[in-house]
Amino acid sequence: KRVAILISGGGSNMVALAESMVGDHPARPVLVLSNVPGAGGLARAQAMGIPTAVVDHRPFGKDRAAFETALQAALERADPDILCLAGFMRVLTEGFVTAWAGRMLNIHPSLLPKYRGLDTHARAIAAGDTQAGCSVHEVTAELDGGPILGQARVPILQGDTAETLAARVLPMEHLLYPAVLRRFAEGDKSPVLLP
Ligand code: GRF
(Lines give C-alpha, C1' and ligand atoms only; values in the text may rest on other atoms or scores of the structure.)
Protein backbone atom coordinates (compact mmCIF):
# COMPACT_ATOMS: atom_id res chain seq x y z
CA LYS A 1 0.00 0.00 0.00
CA ARG A 2 1.14 3.52 -0.85
CA VAL A 3 0.72 6.03 2.00
CA ALA A 4 0.70 9.84 1.75
CA ILE A 5 1.05 11.74 5.05
CA LEU A 6 -0.38 15.26 5.36
CA ILE A 7 1.16 17.63 7.90
CA SER A 8 1.09 21.28 8.93
CA GLY A 9 3.84 21.40 11.55
CA GLY A 10 6.65 19.48 13.20
CA GLY A 11 5.51 16.13 11.90
CA SER A 12 6.39 13.95 14.89
CA ASN A 13 3.48 11.65 14.01
CA MET A 14 4.67 11.57 10.39
CA VAL A 15 8.13 10.47 11.54
CA ALA A 16 6.64 7.72 13.72
CA LEU A 17 4.47 6.50 10.83
CA ALA A 18 7.32 6.62 8.29
CA GLU A 19 9.72 4.81 10.62
CA SER A 20 7.14 2.05 11.17
CA MET A 21 6.73 1.25 7.46
CA VAL A 22 9.75 -1.04 7.08
CA GLY A 23 10.45 -4.74 6.60
CA ASP A 24 7.34 -6.86 6.07
CA HIS A 25 5.01 -3.90 6.69
CA PRO A 26 2.36 -3.86 3.94
CA ALA A 27 2.69 -0.09 3.40
CA ARG A 28 5.35 2.41 2.35
CA PRO A 29 5.39 6.23 2.59
CA VAL A 30 5.28 7.75 -0.92
CA LEU A 31 4.68 11.43 -0.08
CA VAL A 32 4.71 13.91 2.78
CA LEU A 33 2.58 16.95 1.91
CA SER A 34 2.23 20.14 3.91
CA ASN A 35 -0.14 23.10 3.55
CA VAL A 36 2.49 25.20 5.32
CA PRO A 37 5.68 26.06 3.40
CA GLY A 38 8.72 25.43 5.60
CA ALA A 39 6.85 23.16 8.04
CA GLY A 40 9.43 21.36 10.19
CA GLY A 41 8.14 17.98 9.11
CA LEU A 42 9.17 18.65 5.48
CA ALA A 43 12.88 18.70 6.35
CA ARG A 44 12.43 15.58 8.50
CA ALA A 45 10.74 13.78 5.59
CA GLN A 46 13.48 14.85 3.18
CA ALA A 47 16.11 13.58 5.64
CA MET A 48 14.30 10.21 5.53
CA GLY A 49 14.34 10.23 1.73
CA ILE A 50 10.57 10.63 1.41
CA PRO A 51 9.29 12.82 -1.48
CA THR A 52 7.63 16.01 -0.24
CA ALA A 53 5.21 18.59 -1.61
CA VAL A 54 3.75 21.88 -0.43
CA VAL A 55 0.29 23.17 -1.30
CA ASP A 56 0.04 26.49 0.49
CA HIS A 57 -3.59 27.14 1.41
CA ARG A 58 -3.13 30.90 1.83
CA PRO A 59 -3.27 31.97 -1.87
CA PHE A 60 -6.70 30.29 -2.09
CA GLY A 61 -8.21 32.46 0.67
CA LYS A 62 -11.64 31.15 1.59
CA ASP A 63 -11.94 29.04 -1.57
CA ARG A 64 -11.57 25.62 0.06
CA ALA A 65 -12.60 23.82 -3.11
CA ALA A 66 -9.79 25.47 -5.12
CA PHE A 67 -7.25 24.58 -2.44
CA GLU A 68 -8.46 20.99 -2.46
CA THR A 69 -8.25 20.81 -6.25
CA ALA A 70 -4.56 21.71 -5.96
CA LEU A 71 -4.21 19.26 -3.07
CA GLN A 72 -5.80 16.46 -5.10
CA ALA A 73 -3.49 17.17 -8.06
CA ALA A 74 -0.40 16.94 -5.83
CA LEU A 75 -1.69 13.72 -4.29
CA GLU A 76 -2.54 12.10 -7.61
CA ARG A 77 1.08 12.52 -8.73
CA ALA A 78 2.08 10.22 -5.84
CA ASP A 79 -0.93 7.92 -6.40
CA PRO A 80 -1.46 6.95 -2.71
CA ASP A 81 -3.84 4.23 -1.54
CA ILE A 82 -4.14 5.69 1.97
CA LEU A 83 -3.98 9.26 3.35
CA CYS A 84 -2.82 9.81 6.92
CA LEU A 85 -3.59 13.25 8.37
CA ALA A 86 -0.94 13.86 11.02
CA GLY A 87 -1.07 17.28 12.60
CA PHE A 88 -2.82 18.53 9.47
CA MET A 89 -4.70 21.64 10.50
CA ARG A 90 -7.07 22.29 7.61
CA VAL A 91 -10.73 21.30 7.67
CA LEU A 92 -11.53 19.34 4.51
CA THR A 93 -14.80 19.70 2.62
CA GLU A 94 -17.34 16.91 2.33
CA GLY A 95 -16.43 16.59 -1.36
CA PHE A 96 -12.78 15.84 -0.67
CA VAL A 97 -13.56 13.56 2.28
CA THR A 98 -16.12 11.63 0.21
CA ALA A 99 -13.58 11.14 -2.60
CA TRP A 100 -11.21 9.53 -0.05
CA ALA A 101 -13.88 7.75 2.01
CA GLY A 102 -12.54 4.61 3.63
CA ARG A 103 -8.94 5.51 2.71
CA MET A 104 -8.20 8.52 4.98
CA LEU A 105 -7.17 8.42 8.66
CA ASN A 106 -6.62 11.14 11.24
CA ILE A 107 -5.17 11.29 14.73
CA HIS A 108 -6.89 13.51 17.26
CA PRO A 109 -5.53 14.25 20.76
CA SER A 110 -8.59 13.26 22.80
CA LEU A 111 -10.62 10.18 23.71
CA LEU A 112 -13.27 10.70 21.02
CA PRO A 113 -16.16 11.27 20.96
CA LYS A 114 -15.14 13.61 23.81
CA TYR A 115 -13.49 16.93 22.91
CA ARG A 116 -13.76 17.17 19.17
CA GLY A 117 -12.06 20.29 17.83
CA LEU A 118 -9.26 22.25 19.46
CA ASP A 119 -7.71 22.72 22.93
CA THR A 120 -8.56 19.16 23.87
CA HIS A 121 -6.14 18.77 26.80
CA ALA A 122 -7.14 22.04 28.50
CA ARG A 123 -10.80 21.02 28.17
CA ALA A 124 -10.25 17.57 29.69
CA ILE A 125 -8.37 19.09 32.63
CA ALA A 126 -11.02 21.79 33.12
CA ALA A 127 -13.72 19.11 33.11
CA GLY A 128 -11.95 17.29 35.92
CA ASP A 129 -11.42 14.15 33.86
CA THR A 130 -9.05 11.55 35.31
CA GLN A 131 -8.05 10.19 31.90
CA ALA A 132 -7.10 11.66 28.52
CA GLY A 133 -5.53 10.29 25.39
CA CYS A 134 -5.67 10.15 21.62
CA SER A 135 -7.79 8.56 18.94
CA VAL A 136 -7.21 7.46 15.35
CA HIS A 137 -10.35 7.51 13.25
CA GLU A 138 -11.49 7.25 9.65
CA VAL A 139 -12.12 10.74 8.32
CA THR A 140 -15.71 11.52 7.41
CA ALA A 141 -17.45 14.82 6.70
CA GLU A 142 -18.18 15.20 10.42
CA LEU A 143 -15.14 16.91 12.02
CA ASP A 144 -13.31 14.37 14.22
CA GLY A 145 -16.36 12.18 13.89
CA GLY A 146 -15.55 9.06 11.84
CA PRO A 147 -15.33 5.41 13.00
CA ILE A 148 -12.71 4.93 15.73
CA LEU A 149 -9.82 2.64 14.70
CA GLY A 150 -7.77 3.02 17.87
CA GLN A 151 -7.41 4.77 21.18
CA ALA A 152 -4.63 5.22 23.75
CA ARG A 153 -5.33 6.34 27.32
CA VAL A 154 -3.11 8.20 29.82
CA PRO A 155 -3.91 9.43 33.35
CA ILE A 156 -4.49 13.10 34.08
CA LEU A 157 -2.40 13.87 37.16
CA GLN A 158 -2.79 16.49 39.91
CA GLY A 159 -1.30 19.77 38.72
CA ASP A 160 -1.29 18.79 35.07
CA THR A 161 -1.31 21.62 32.59
CA ALA A 162 -2.27 21.32 28.92
CA GLU A 163 1.47 21.18 28.18
CA THR A 164 2.32 18.43 30.67
CA LEU A 165 -0.68 16.40 29.52
CA ALA A 166 0.21 16.90 25.86
CA ALA A 167 3.72 15.68 26.63
CA ARG A 168 2.22 12.50 28.13
CA VAL A 169 -0.19 11.94 25.21
CA LEU A 170 2.14 12.62 22.28
CA PRO A 171 4.39 9.55 22.82
CA MET A 172 1.22 7.42 22.90
CA GLU A 173 0.21 8.95 19.55
CA HIS A 174 3.52 7.73 18.17
CA LEU A 175 2.66 4.19 19.29
CA LEU A 176 -1.02 4.22 18.38
CA TYR A 177 -0.96 5.66 14.88
CA PRO A 178 1.62 3.19 13.47
CA ALA A 179 -0.24 0.27 15.10
CA VAL A 180 -3.54 1.36 13.55
CA LEU A 181 -1.96 2.02 10.13
CA ARG A 182 -0.44 -1.45 10.02
CA ARG A 183 -3.79 -3.12 10.75
CA PHE A 184 -5.64 -0.78 8.39
CA ALA A 185 -3.18 -1.49 5.55
CA GLU A 186 -3.82 -5.21 6.10
CA GLY A 187 -7.59 -4.60 5.82
CA ASP A 188 -8.18 -5.16 9.55
CA LYS A 189 -10.45 -2.51 11.10
CA SER A 190 -10.57 -4.03 14.59
CA PRO A 191 -9.75 -1.26 17.09
CA VAL A 192 -6.30 -0.89 18.66
CA LEU A 193 -6.67 -0.11 22.37
CA LEU A 194 -3.59 0.97 24.39
CA PRO A 195 -2.23 0.38 26.93
C1 GRF B 1 -0.49 16.36 17.90
O2 GRF B 1 -1.02 16.70 19.15
C3 GRF B 1 -1.53 15.57 17.14
O4 GRF B 1 -2.43 14.90 18.00
C5 GRF B 1 -2.29 16.63 16.40
O6 GRF B 1 -1.28 17.56 15.99
C7 GRF B 1 -0.31 17.63 17.05
C8 GRF B 1 1.08 17.77 16.47
O9 GRF B 1 1.35 16.62 15.72
N10 GRF B 1 -2.98 16.05 15.30
P11 GRF B 1 2.78 16.43 14.94
O12 GRF B 1 3.87 16.52 15.98
O13 GRF B 1 2.90 17.56 13.93
O14 GRF B 1 2.67 15.07 14.33
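All ligand and atom numbering here is 1-based and tracks the order in the structure.
The nearest heavy-atom contact from the protein to atom 12 (O) of ligand 1 is S12 OG, 2.6 Å. Annotation: atom 14 (O) of ligand 1 to nearest protein heavy atom, N13 N, 2.8 Å. Among all protein heavy atoms, the one lying closest to atom 4 (O) of ligand 1 is E173 OE1, 2.8 Å. Here the protein heavy atom with the shortest distance to atom 6 (O) of ligand 1 is G87 CA, 3.4 Å.
Salt bridge annotation for E142-R116: present, with a cationic side-chain nitrogen under 4.0 angstrom from a carboxylate oxygen.
Using a 4.0 angstrom heavy-atom cutoff, I7 does not count as in contact with ligand 1. At least one heavy atom of G11 sits less than 4.0 Å from an atom of ligand 1.
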In a table with atom names and distances, give each donor-acceptor pair under 3.5 Å that connects a side chain of residues 32-42 to protein atoms at least two apart or in another chain.
residue : atom : partner : partner atom : Å
S34     : OG   : I7      : O            : 3.4
S34     : OG   : V36     : N            : 2.9
S34     : OG   : V36     : O            : 2.9
N35     : OD1  : S8      : OG           : 2.5
N35     : ND2  : H57     : ND1          : 2.9

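Distance screen at 4.0 Å: atom 1 (C) of ligand 1 has a protein heavy-atom neighbour inside the cut-off.
In summary, the atoms of ligand 1 found under 4.0 Å from a heavy atom of P109, numbered by their order in the structure, are 4 (O).
Within the 4.5 Å cutoff, the side chain of F96 has heavy atoms near those of the L75 side chain.
Ring planes of F88 and F67: parallel class, angle under 30° (limits at 30 and 60°).
R183 places a side-chain N or O within donor-acceptor distance of the main-chain N or O of P191, the cut-off being under 3.5 Å.
Judged by distance alone, the side chains of N106 and Y177 never bring a donor and an acceptor atom under 3.5 Å apart.
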